[in-house]
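Notes follow once the structure below has been shown.
These numbers come from the heavy atoms of this one structure, side chains and all, not from hydrogens, waters or symmetry mates. Each chain gets a letter, A, B and so on, in the order the sequences are listed, and its residues count up from 1.
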Protein chains: 2
Amino acid sequence: MNPTHIEHIGIAVANLDEAVKLYERCFGLKCYKVEEVTDQKVRTAFFMVGQTKIELLESTDPEGPIGKFITKRGEGVHHIAFAVNGIEEKLKFAEKEGMRLIDHVPRKGAEGLDIAFLHPASTGGVLIEICEKKNS
Amino acid sequence: MNPTHIEHIGIAVANLDEAVKLYERCFGLKCYKVEEVTDQKVRTAFFMVGQTKIELLESTDPEGPIGKFITKRGEGVHHIAFAVNGIEEKLKFAEKEGMRLIDHVPRKGAEGLDIAFLHPASTGGVLIEICEKKNS
């Protein structure tokens, strides 16, 4: 995989507006974008911390992935995203290594990234996303 | 707080040696240090990803914080650490903002950092550490 950096940390929150206020007031971070990803049934808010984004995720549907996560585990870290170069090849490598993939081909995520998730069963319990910004 | 970057992401693992092999083989990361923190009842392994460390944490005692975490929630992300400047002042600010602190004064953590934890009840369900490298 050879990730270049942690692209973002995805955090499931029950109420996006309140969580944005908390991160701005208590951590002095500035929300630079709120984006709805209808495909994933989430509303997201982004903050930059060094070279890594904090991505807060509020479910727009209790049956969506974040809705189910919060029902099961409560608010908290949902996933970590590694920035990679050549995401298609990295997915092929992961498959060859016997890792369980959630996405076998990349799809579009927030911020225009090509993204793919690896199953936590193959990564020591952590939901890991790999992602690539193709047009930068 | 105004963190400068994500210093590390702490991940609770059941078996450190196996997890190190997984991160090296599947993610192409290089473990640069294994360190035991007796105070926290953990053995830790570090990897660098851009400006952020991945810190794998294996409990050396089922009654330690990581042992209890794994019993309750299984393996996964345990905490996120923000690098700050002036950790003592940042703790005073957090207290003034009404945040619940786990550590009211900084203590020594892995890698010689001054560290302090904020309670997840005040941070939207995420265990957040703030930390500072004093002699760099």
Side-chain angles (χ1 to χ4, degrees), chain A residues 1-16 18-30 47-54 56 58 70 72-80 82-84 90 93-94 96-99 118 120-128 130, chain B residues 1-16 18-30 47-54 56 58 70 72-80 82-84 90 93-94 96-99 118 120-128 130:
Chain A
M1 299 275 174
N2 303 98
T4 57
H5 61 286
I6 312 275
E7 212 280 336
H8 64 268
I9 300 171
I11 298 174
V13 300
N15 182 312
L16 193 69
E18 281 185 15
V20 167
K21 278 185 209 157
L22 174 77
Y23 275 77
E24 292 199 327
R25 194 186 76 238
C26 293
F27 294 110
L29 299 173
K30 178 73 195 143
F47 306 81
M48 206 75 216
V49 188
Q51 64 184 181
T52 297
K53 297 163 193 160
I54 300 281
L56 301 181
E58 175 196 67
I70 288 184
K72 193 174 167 194
R73 306 198 51 156
E75 295 182 299
V77 176
H78 177 259
H79 68 274
I80 297 174
F82 288 147
V84 299
K90 301 297 160 90
F93 169 81
K96 209 181 70 180
E97 285 290 325
M99 298 182 83
L118 311 177
S122 297
T123 59
V126 180
L127 178 59
I128 290 182
I130 59 172
Chain B
M1 298 275 174
N2 303 99
T4 56
H5 61 285
I6 312 277
E7 212 281 333
H8 64 268
I9 300 171
I11 298 174
V13 301
N15 183 311
L16 194 69
E18 282 186 14
V20 166
K21 277 183 210 159
L22 174 77
Y23 276 77
E24 291 198 327
R25 195 185 75 239
C26 293
F27 295 110
L29 300 173
K30 179 73 195 142
F47 305 81
M48 206 74 217
V49 187
Q51 66 184 182
T52 297
K53 296 163 193 159
I54 299 282
L56 301 181
E58 175 196 66
I70 287 183
K72 194 174 167 193
R73 306 198 52 156
E75 296 182 298
V77 176
H78 177 258
H79 68 274
I80 298 173
F82 287 146
V84 299
K90 300 297 159 91
F93 169 81
K96 209 181 71 180
E97 284 290 324
M99 297 182 85
L118 311 177
S122 298
T123 59
V126 181
L127 178 59
I128 290 182
I130 58 173

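- Proximity of B:Leu29 to A:Pro3: side-chain heavy atoms (C-beta onward) are separated by under 4.5 Å at one or more points.
- Listed options B:Ser122, B:Cys26, B:Ala94, B:Gly125 were ranked by heavy-atom pairs under 4.5 angstrom with chain A; first place goes to B:Cys26.
- Highest contact tally toward chain A, considering only B:Glu97, B:Gln51, B:Glu75, is held by B:Gln51 [criterion: heavy-atom pairs under 4.5 Å].
- Between atom OH of residue B:Tyr23 and atom CE of residue A:Met1 there is a gap of 11.5 Å, rounded to the nearest 0.5 Å.
- When each of A:Val84, A:Thr123, A:Val49 is scored by its heavy-atom pairs under 4.5 Å with chain B, the top score falls to A:Val49.
- Using a 4.5 Å heavy-atom threshold, the side chains of A:Ile80 and B:Ile11 count as touching.
- With chain A as partner, the option from B:His5, B:Arg73, B:Met99 having the largest number of non-hydrogen pairs under 4.5 angstrom is B:Arg73.
- Neither the backbone nor the side chain of A:Leu56 comes within contact range of chain B, judged by heavy atoms closer than 4.5 Å.
- How far CZ of A:Phe93 is from CZ of B:Arg25: 8.0 Å, rounded to the nearest 0.5 Å.
- In terms of heavy-atom pairs under 4.5 Å with chain A, the best-connected choice from B:Val13, B:Ile128, B:Leu127 is B:Ile128.
- The most heavy-atom pairs under 4.5 Å with chain A, out of B:Thr52, B:Ile54, B:Ile6, come from B:Ile6.
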